[in-house]
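Throughout, protein chains are lettered first and strands after them, A, B, ... in sequence-line order, and every chain is numbered starting at 1. Note that the structure is predicted; figures quoted are calculated from it, not measured.
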There are 2 protein chains.
Amino acid sequence: MTSTRPRRTDALTLEVVELIGAVVARYHEEYEQAAGRHGLTGAQARVLGLLALDPLPMRQIAQRLKCEPSNITGIVDRLEARGLVERRPSPGDRRVKVAAPTDEGTRVAESLRESLDFAREPLAGLSREERVVFRDMLRRMLGVD
Amino acid sequence: MTSTRPRRTDALTLEVVELIGAVVARYHEEYEQAAGRHGLTGAQARVLGLLALDPLPMRQIAQRLKCEPSNITGIVDRLEARGLVERRPSPGDRRVKVAAPTDEGTRVAESLRESLDFAREPLAGLSREERVVFRDMLRRMLGVD
DNA sequence: TATTGTTATACTCTATAACTATA
DNA sequence: TATAGTTATAGAGTATAACAATA
């Protein structure tokens, strides 16, 4: 059954790759717009969304976002100035500052998450079986077992 | 057949949405890295990739990237300084400048496109039928008929 | 007058390096 | 010494407004 393995120039594979690129572009677009509606930049929205799941020390935010810790200082500064995030001391280590969302920050994060309907809504048109197939393909694409 | 329509909190749908987010993050990461290997920023790589398909007036580049035209000036400036892009006059309208890739720019764009193997390689593990299903789902998600 | 591209400006994100306060 | 967070700095992307050349 090697006959179904795509060759390098396989038109179907190329189309799928292109579609994935389109999904990525669309996702980003919608994300930036949703952030903008709350007066946030994309980076600020990403940090807030991360903290809404779980408060984190500055350094760990940087690790999650794969950027330098020095960048996080400014982003959290701006979120803090907006009253969406606050820095808390860490009980065990006085060097560490834990960034946590305020009540309003939690609400904004929730609203942000819900405005990413672009992906969820079209999924509603799929049957459960189709969604399972889709999920498995995405998993395989990400190298998840 | 409304029984298969996912409810708002459907666990499977949420997982798929999350996986799409992961694919988006992964795609971006790989794209930035590929651009970096050529000494380009993500924005520069995107513009170069666009021009490699088709030379475009400055204003149209901005429309495609959904940003202000004034931003394109600087990005094309840097690509031009690297010898990857050149500005050409437009025969019909002397106000218009058409940005086009140089020979080296074309080579770099090709190399960039090929380094996005992350999507293509796992697709090789799918049968033709699976890829068709996957394609149709992506199309539906993007609202393409 | 309207349009194309540019310049000027201000803000944000980013990486690097040096600094501080803890450990 | 080593680590967490910050500051300082410089380059790049972004939007806004004003400008020159052309239509």
Side-chain angles (χ1 to χ4, degrees), chain A residues 25 28-51 55-82 84-100, chain B residues 25 28-51 55-82 84-100:
Chain A
H28 246 81
E29 208 178 304
E30 306 247 342
Y31 196 87
E32 295 287 326
Q33 283 177 6
R37 282 193 292 275
H38 290 277
L40 298 176
T41 65
Q44 288 164 14
R46 274 187 292 279
V47 168
L48 181 58
L50 200 59
L51 298 180
L56 288 174
M58 305 297 282
R59 206 146 202 107
Q60 288 187 36
I61 301 174
Q63 283 169 0
R64 296 287 192 89
L65 265 63
K66 294 182 210 299
C67 73
E68 294 301 314
S70 60
N71 301 327
I72 306 302
T73 299
I75 295 173
V76 170
D77 279 353
R78 279 156 223 133
L79 286 171
E80 200 165 28
R82 295 275 306 274
L84 303 176
V85 159
E86 62 181 13
R87 286 170 163 95
R88 297 177 186 157
S90 181
D93 189 333
R94 281 191 300 171
R95 294 172 302 180
V96 175
K97 294 176 190 172
V98 177
Chain B
H28 246 81
E29 208 178 304
E30 306 248 342
Y31 196 87
E32 294 287 326
Q33 283 177 6
R37 283 194 291 275
H38 289 278
L40 298 175
T41 65
Q44 288 164 13
R46 273 188 292 280
V47 168
L48 181 58
L50 200 59
L51 299 180
L56 288 173
M58 304 297 283
R59 206 147 201 107
Q60 289 187 34
I61 300 174
Q63 283 170 358
R64 297 287 193 88
L65 265 63
K66 295 183 208 300
C67 72
E68 294 301 313
S70 59
N71 301 327
I72 306 302
T73 299
I75 296 173
V76 169
D77 279 353
R78 280 156 222 133
L79 286 170
E80 200 165 28
R82 295 275 306 273
L84 302 176
V85 159
E86 62 182 12
R87 285 169 164 97
R88 297 175 186 161
S90 180
D93 189 333
R94 281 192 299 172
R95 293 173 303 181
V96 175
K97 293 177 189 172
V98 177

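Inter-residue side-chain proximity for B:Val98 and B:Pro89 is flagged as unmet; no heavy-atom pair is nearer than 4.5 Å. Contact annotation: the side chain of A:Leu51 approaches that of A:Ile61 to within less than 4.5 Å [non-hydrogen atoms, C-beta and beyond]. Within the 4.5 Å cutoff, side-chain heavy atoms of B:Leu84 are placed close to those of B:Leu40. Residues B:Arg82 and B:Leu79 are not in side-chain contact: their nearest non-hydrogen atoms beyond the backbone lie 4.5 Å or more apart.
Counting only heavy atoms from C-beta on, B:Arg87 has its side chain closest to C:dT6 among C:dT12, C:dT6, D:dA4. The B:Arg78 side chain lies nearest to D:dA12 when the options are D:dA12, D:dA23, C:dT12. Out of D:dA12, C:dT22, C:dT7, the shortest distance to the side chain of A:Arg95 is found at C:dT22. Distance from the side chain of B:Cys67 is smallest to D:dA15 among C:dG5, D:dA15, D:dT7. Here the nucleotide nearest the side chain of A:Met58, chosen from C:dT4, D:dG5, D:dA12, is D:dG5.
B:Glu86 is linked by a side-chain hydrogen bond (donor to acceptor under 3.5 Å, both in side chains) to B:Arg88, counting only residues two or more places apart in sequence or in another chain. With sequence neighbours left out, B:His28 forms a ring-ring contact (aromatic ring centres under 6.0 Å, His included) with A:His28. With sequence neighbours left out, the salt bridge (charged side-chain N to carboxylate O under 4.0 Å, His left out) criterion links B:Glu80 to B:Arg87.
As a whole-Å value, the separation of A:Ile72 CD1 from C:dC13 P is 10 Å. Remark: P of D:dA12 and CG of B:Leu79 are 11 Å apart, rounded to the nearest angstrom. Whole-Å rounding puts the B:His28 NE2 to C:dC13 C1' distance at 13 Å. C:dT3 atom P lies 15 Å from atom CD of B:Gln60, rounded to whole Å. The CD1-C1' distance, from B:Ile75 to D:dG11, rounds to 13 Å in whole Å. Rounded to whole Å, atom C1' of C:dC13 lies 13 Å from atom CG of A:Asp77. The separation between A:Ile61 atom CD1 and D:dA4 atom C1' is 12 Å, rounded to whole Å. Protein atom NZ of A:Lys66 is 18 Å distant from nucleotide atom C1' of C:dC13, rounded to whole Å.
Sequence neighbours left out, not one pair with a member in residues 55-68 of chain A passes side chain to side chain donor-acceptor pair (under 3.5 Å).
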Listed pairs, N/O of protein and of nucleotides 16-19 of chain D, under 3.5 Å:
residue, atom, partner, partner atom, Å
D:dT16, O4, B:Ser70, OG, 2.6

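Contact annotation: B:Lys97 side-chain N/O to C:dT6 OP1/OP2 distance is under 4.0 Å.
Of the inter-residue distances, the one linking A:Ser70 atom OG with A:Met58 atom CE reads 10.0 Å to the nearest 0.5 angstrom. Note that the CG atom of B:Asn71 and the CG atom of B:Leu65 stand 9.5 Å from one another [nearest 0.5 Å].
One cannot find a donor-acceptor pair under 3.5 Å joining the base of C:dT4 and the side-chain atoms of B:Arg59. For B:Arg94 against D:dT22, no side-chain N or O and base N or O form a donor-acceptor pair under 3.5 Å.
Residues of residues 39-50 of chain A that place a heavy atom closer than 4.0 Å to DNA chain C, in numerical order, are A:Thr41, A:Ala43, A:Gln44.
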